[in-house]
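Heavy-atom basis, side chains included; hydrogens, waters and symmetry copies ignored. Since the model is a prediction, treat every value here as computed from it, not as a measurement. Residue numbers start at 1 and run along the sequence shown.
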Amino acid sequence: MSSQFEASRPRGGRWPSLFAAISVLFLVAAVLMLAGAGPAYRGELISLGEAFNFLRNGVYAAGGAMAISLAALLISMFARRTTPAMVATLVIVSAAALLYVPWQHWQRAQAVPPIHDITTDMQSPPIFEALADAREAAPNAVDYPGETTANQQRAAYPNIGPLVINAPPQTVLAAAQAEAEEAGWRIARITDNHIEATATTRWFGFQDDVVIRLTEVENGVQVDMRSASRLGASDVGTNAARIEAFLTALEARLR
């Protein structure tokens with residue numbers, strides 16, 4: 001009777017299934033922390049420091065999921081247990097995909113300078129007027145940081161510069177307003193040659209302020225733009241990407 005029971009018991013006992021189950025729990029915890037940090041901060045449920053701790057612990061949990069699932073896979077292969085091996089493999093793949101996002105973000109942070117205020121005109125940057133009070137209340141200054149930031153921008157984003165469009169000022173202004181509204185920016189003020197708006201990032205809800213300035217020149221209208229984060233020493237390239245995308249879309253709209 002005892003020998004029949006031992007023969008019917010799966011090879012490796014409960015260990016393959018146990019390790020696989022634990023790896024799934026670690027993976028679920030990683031998903032909740034990594035995906036939930038931004039919305040929780042945006043909803044004012046946690047502070048920014050707590051949100052970053054969530055992200056850090058989520059990375060640790062995803063790494064733990066990979067390590068435990070690798071152990072589960074090895075044990076399952078040794079014990080010839082198919083189901084735990086499949087679960088462990090799925091966890092490894094899922095955890096690797098989950099870790100790719102923060103890894104890619106870290107790579108971007110290493111590749112760009114720690115600046116947060118980008119403009120097409122570093123000699124005379126467009127100024128914030130309607131949004132000046134909001135920026136004064138934020139950690140980052142309302143005034144352009146100066147030549148040090150300008151030099152870093154020139155080195156990192158050499159292609160950012162003003163756009164000259166051969167069209168009437170009113171046409172360019174209307175197109176710029178339409179483009180800003182389509183981007184989902186909250187318009188703060190519009191004059192004959194000036195647009196101020198706030199862009200809110202999707203995940204964390206960080207607020208970046210944008211000012212667009214139109215200047216009549218000999219061959220049309222020159223569009224200058226400035227995009228600056230209210231919070232954080234580095235924008236990880238977000239403001240530069242926003243300016244490039246906006247000016248490209250504006251030029252295409254006015255063709």
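- Aromatic ring pairs are classed by plane angle as parallel below 30°, tilted from 30° to 60° and perpendicular above 60°; the pair Phe204 and Tyr41 is tilted.
- Between Arg213 and Asp121, at least one side-chain nitrogen of the basic residue sits less than 4.0 Å from a carboxylate oxygen of the acidic one, meeting the salt-bridge criterion.
- At a cut-off of 3.5 Å, with distance as the only test, no side-chain donor of Asp224 or Thr215 sits close to an acceptor on the other residue.
- The structure places CZ of Arg14 at 12.0 Å from CZ of Arg81, a figure rounded to the nearest 0.5 Å.
- Using a 4.5 Å heavy-atom cutoff, the side chains of Phe78 and Trp15 are not in contact.
- Placement of Val31 and Val28 within a single hydrophobic cluster is found when ILVMFWY residues are connected by side-chain heavy-atom separations under 4.5 Å, directly or transitively.
- For Phe246, the CZ atom is densely surrounded, since the number of other residues' heavy atoms within 6.0 Å is greater than 12.
- A salt bridge does not link Asp208 with Arg230: every distance from a Lys NZ or Arg NE/NH1/NH2 to an Asp or Glu carboxylate oxygen is 4.0 Å or more.
- Around CD of Glu44, the count of heavy atoms belonging to other residues, nucleotides or ligands within 6.0 Å does not exceed 12.
- Applying the 6.0 Å contact sphere to CE of Met77 captures no more than 12 heavy atoms from other residues, nucleotides or ligands.
- Ion pairing between a basic and an acidic side chain is recognised when a charged N comes within 4.0 Å of a carboxylate O; Glu182 and Arg253 show such pairing.
- In this structure, Thr248 contributes its side chain and Ala245 its backbone to no donor-acceptor pair below 3.5 Å.
- When every heavy atom of Asp117 is checked against every heavy atom of Asp143, the shortest pair comes out as OD2-O, 4.2 Å.
- With a 4.5 Å cut-off on side-chain heavy atoms, Val59 and Leu99 count as touching.
- The heavy-atom pair separating Val211 from Ile127 by the smallest distance is CG2-O, 3.6 Å.
- Between Pro16 and Ala79, the shortest heavy-atom contact is CG-CB, 4.4 Å.
- To the nearest 0.5 Å, atoms CZ (Arg202) and OG1 (Thr200) are separated by 11.5 Å.
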Exercise for the section: Go through the steps for Thr198 and Trp185 under the test side-chain contact (heavy atoms from CB on, under 4.5 Å), then give the verdict. Expected result: CA-CA 5 Å; Thr198 299; Trp185 301 349; over 6 Å; no
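- Nearest heavy-atom pair across Ala65 and Leu27 is CB-N, 3.7 Å.
- To the nearest 0.5 Å, the span separating NE2 on His116 from OG1 on Thr149 amounts to 7.0 Å.
- Looking at Tyr157 and Pro113, their side chains come closer than 4.5 Å, going by heavy atoms from C-beta outward.
- You'll find the side chain of Val24 stays beyond 4.5 Å of the side chain of Leu90, heavy atoms only.
- Under the 4.5 Å side-chain heavy-atom criterion for ILVMFWY residues, no single connected hydrophobic cluster contains both Ile68 and Leu73.
- The residue from Asn140, Asn239, Thr238 that alone fulfils the side-chain hydrogen bond (donor to acceptor under 3.5 Å, both in side chains) condition with Ser229 is Asn239.
- In this structure, Arg255 CZ and Ile165 CD1 are separated by 10.5 Å, a value rounded to the nearest 0.5 Å.
- A single hydrophobic cluster is seen to contain both Leu98 and Leu32, as judged by linkage of ILVMFWY side chains at heavy-atom distances under 4.5 Å, directly or through other members.
- Of all the heavy atoms in Thr119 and Gln153, the pair that sits closest is O-NE2, 2.6 Å.
- Residues Gly237 and Arg108 approach most closely at C-NH2, 3.9 Å, considering heavy atoms.
- Counting heavy atoms of neighbouring residues, nucleotides and ligands inside a 6.0 Å radius, atom CG of Asn219 exceeds 12 of them.
- Looking at Gln104 and Tyr100, their side chains do bring a donor and an acceptor atom within 3.5 Å of each other.
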Practice task
Check the pair Arg226 / Val210 against side-chain contact (heavy atoms from CB on, under 4.5 Å), numbers first and verdict last.
Solution key: CA-CA 6 Å; Arg226 179 180 169 197; Val210 178; over 6 Å; no
Practice task
Go through Met66 and Val91 one step at a time and tell me if the side-chain contact (heavy atoms from CB on, under 4.5 Å) criterion holds.
Solution key: CA-CA 7 Å; Met66 288 189 70; Val91 171; over 6 Å; no
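- Two residues are said to be in side-chain contact when any heavy atoms from C-beta on lie closer than 4.5 Å; Val164 and Val221 fail this criterion.
- Both Ile187 and Ile243 belong to a common hydrophobic cluster when Ile, Leu, Val, Met, Phe, Trp and Tyr are linked at side-chain heavy-atom distances under 4.5 angstrom.
- No side-chain heavy atom of Leu173 sits under 4.5 Å from any side-chain heavy atom of Gln177.
- Side-chain polar atoms of Arg42 and Thr201 form no donor-acceptor pair below 3.5 angstrom.
- The hydrophobic clustering, which links ILVMFWY residues whose side-chain heavy atoms are closer than 4.5 Å, places Val142 and Met225 apart.
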Problem - Trace of the side-chain contact (heavy atoms from CB on, under 4.5 Å) decision for Ile160 with Leu247 - result: CA-CA 10 Å; Ile160 289 184; Leu247 294 181; over 6 Å; no
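- Taking the side chain as every heavy atom from C-beta outward, Met33 and Arg56 never approach each other to under 4.5 Å.
- One distance of note links OG of Ser76 with CZ of Phe19; it measures 10.0 Å at 0.5 Å rounding.
- In this structure, the separation between CD1 on Ile75 and CG on Leu70 is 10.0 Å, given to the nearest 0.5 Å.
- Defined by atom type and a distance below 3.5 Å, a donor-acceptor pair is present between the side-chain atoms of His194 and Glu196.
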